[in-house]
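Here's the structure, in structure tokens; my notes come after.
Here is how names work: the chains are called A, B, and so on, in the same order as the sequence lines, proteins then strands, and each is numbered from 1.
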Amino acid sequence: VKAIREGVALARPKGTFLIRFSGGDGAWDTLNHLSSSDLFLRDGQIIHTLWLAEDATPLGDVYVCRTDEEFLVIGESAGVDLVAHAKKNVRLGAIVDDLAPAYTPFSLHGPFAWELMAMLVGGGVVGVPYLSMFRLDGGGWGFRAGKTGEYGYDLFVPNEGAAAWEKRIREAGAKLDLGDATEDVLQQCRLENWFFDIRREGKKGLSPLELQLQWRTSSAKEYIGSAALAERRKRGIARRVLTMVAPSEMREGAEVRLFGASVGEVLAAGKSEERNDWVALALVDVAWSHAGIDAFEIGGVPARSITPPVLDNRSLYVNPQTHTYASRAEAVFPPLAIGV
Amino acid sequence: MTKDEAMALVARRTALLERVRKVLIERLNVARPPDEIDPDAPLFGTGLGLDSVDAVELVVSLETEFAITLPEGVVGRRSMRTVGSLIDLVMSREGAS
């Protein structure tokens with residue numbers, strides 16, 4: 001965690017989909033029908049969107065990237081085969097290729113991830129905007145994205161070059177005390193920074209309304225799940241996600257109580273090393289789903305609601321023009337923890 | 001916090017949420033109905049789509065709408081991350097201006 005929050009860490013993502021859509025207009029038409037956001041994309045630009053089931057629950061948490069006349073999709077799923085889902089919904093002769101078997105994913109996270117990337121692919125990468133794609137020498141792609149609140153880069157390299165890539169990353173990363181990030185650590189970072197985790201809260205049968213993900217949906221088009229979402233919107237929701245912090249352990253599934261009544265349950269929880277407390281995402285009655293209430297009780301532990309993200313990420317303040325990992329001790333950054 | 005205090009807080013945050021949504025729609029041209037702007041929605045990038053130019057307009061609009069002053073140094077980067085963090089910012093400045 002320390003490497004992600006203060007330096008740079010390498011992760012080896014598992015179960016990540018890499019899908020190519022080609023075939024002219026059909027590629028865009030198919031993706032537009034699958035994706036809940038409006039898809040207006042320049043070459044190299046990425047949109048972070050959802051693929052929904054017909055009942056408006058999430059199937060995939062995906063980045064859609066345009067590359068020339070094709071599209072690349074990086075996705076995580078709630079246990080669903082996103083390639084099969086895409087192929088089942090092909091329109092206008094689009095061609096859907098599963099690229100994941102031929103490429104190996106690496107990801108780099110941290111306020112100095114850009115510095116390691118610059119060592120690996122050249123200084124130009126520092127100027128790559130958030131949610132943009134770049135091509136890698138020798139094949140493959142890099143995506144500036146990430147779900148930790150820090151600088152993040154997802155790399156997909158051809159399998160035959162993967163061992164050499166990892167060697168290069170580790171050799172260059174040694175100068176930056178490169179850490180290794182497990183899936184558990186990445187999940188905790190998502191929780192702290194309010195990034196939707198389709199493998200946790202995404203499996204609870206909730207729609208973008210309860211999950212506060214309406215900003216990833218369009219009201220201007222029809223897509224898979226849009227009819228059910230409109231119906232749910234018309235009916236209104238009873239509960240909505242809320243971020244909680246507590247001095248002691250909160251557990252997934254625990255009841256959330258307020259003034260003697262049951263008002264919700266914990267969807268995901270974990271210990272925040274940087275805050276030295278516990279952070280949870282809870283599903284709470286809409287009437288009480290607001291930050292700033294310090295009277296909640298979760299499994300007997302006093303808890304309070306807070307506006308996420310719960311960290312003032314160092315990546316907000318690290319400037320590649322003036323900061324380096326080696327000189328980080330000379331820089332003054334705000335405390336990481338918010339509202340402790 | 002008592003139940004009455006919590007209810008007052010919820011009422012206050014709900015009222016502020018409506019006004020922040022109005023600012024975002026009317027002054028920042030966020031093309032969404034108010035109830036589709038969630039409290040924890042990110043403001044920038046792929047969230048509600050604001051950019052660095054909008055950030056200046058947002059500060060000016062909040063000062064006007066809420067009759068507060070937001071001097072440089074008060075509006076930290078963390079205050080501009082989500083709709084909810086704007087509400088926190090406004091609440092922290094009420095009575096301070």
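Of all non-hydrogen atoms in A:Ala287 and B:Val10, the two that sit nearest each other are O-CG1, 3.5 Å. In this structure, B:Asp40 and A:Pro308 approach most closely via the heavy-atom pair OD1-CD, 3.4 Å. Of all the heavy atoms in A:Gly292 and B:Met1, the pair that sits closest is O-CE, 3.5 Å. Summarising the geometry of B:Lys3 relative to A:Trp288, their closest heavy-atom pair is CE-CZ2, 4.3 Å, with the distance given to 0.1 Å. Here the closest non-hydrogen pair linking A:Thr217 and B:Arg32 is O-NH2, 2.5 Å. When every heavy atom of B:Asp35 is checked against every heavy atom of A:Gln214, the shortest pair comes out as O-NE2, 3.1 Å.
Residue A:Leu258: no heavy atom, backbone or side chain, is found under 4.5 Å from chain B. Residue A:Ile293 touches chain B through both its backbone and its side chain, counting heavy-atom pairs closer than 4.5 Å. Heavy atoms of A:Arg304 lying under 4.5 Å from chain B are absent altogether. For chain B, no part of A:Pro129 is nearby; none of its heavy atoms comes within less than 4.5 Å. In this structure, no portion of A:Tyr130 lies under 4.5 Å from any heavy atom of chain B. The part of B:Thr82 that comes within reach of chain A is its side chain, from C-beta onward, which places non-hydrogen atoms under 4.5 angstrom from that chain. For a residue to count as touching a neighbouring chain, one of its non-hydrogen atoms must lie under 4.5 Å from one of that chain's; by this rule A:Asp38 does not touch chain B. Heavy-atom distances place both the backbone and the side chain of B:Met7 under 4.5 Å from chain A. Only the backbone of A:Leu311 comes within contact range of chain B, with at least one heavy atom under 4.5 Å from a heavy atom of that chain.
In this structure, A:Trp215 CH2 and B:Leu43 CG are separated by 11.0 Å, a value rounded to the nearest 0.5 Å. One finds the CZ atom of B:Arg81 at 6.5 Å from the CG atom of A:Asp312 (value rounded to the nearest 0.5 Å).
Looking at heavy atoms from C-beta onward, B:Arg13 lies in side-chain contact with A:Thr307 at the 4.5 angstrom threshold. At least one side-chain heavy atom of A:His290 sits less than 4.5 Å from a side-chain heavy atom of B:Thr14.
For the options B:Ala41, B:Pro39, B:Gly84, heavy-atom pairs under 4.5 Å to chain A are most numerous at B:Pro39. Options A:Ser218, A:Ala291, A:Pro334, A:Ala295 differ in how many heavy-atom pairs under 4.5 Å they form with chain B, and the most are formed by A:Ala291. Note: B:Pro42 leads B:Gly49, B:Pro42, B:Gly45, B:Ser85 in heavy-atom pairs under 4.5 Å with chain A.
Applying the 6.0 Å contact sphere to CD of A:Glu222 captures no more than 12 heavy atoms from other residues, nucleotides or ligands. Other residues, nucleotides and ligands contribute only 12 or fewer heavy atoms inside 6.0 Å of the NZ atom of B:Lys22.
With B:Arg77 contributing its side chain and A:Leu316 its backbone, the two residues share a donor-acceptor pair below 3.5 Å. The main-chain N or O of A:Ile338 is never found under 3.5 Å from a side-chain atom of B:Arg78 such that the two would form a donor-acceptor pair.
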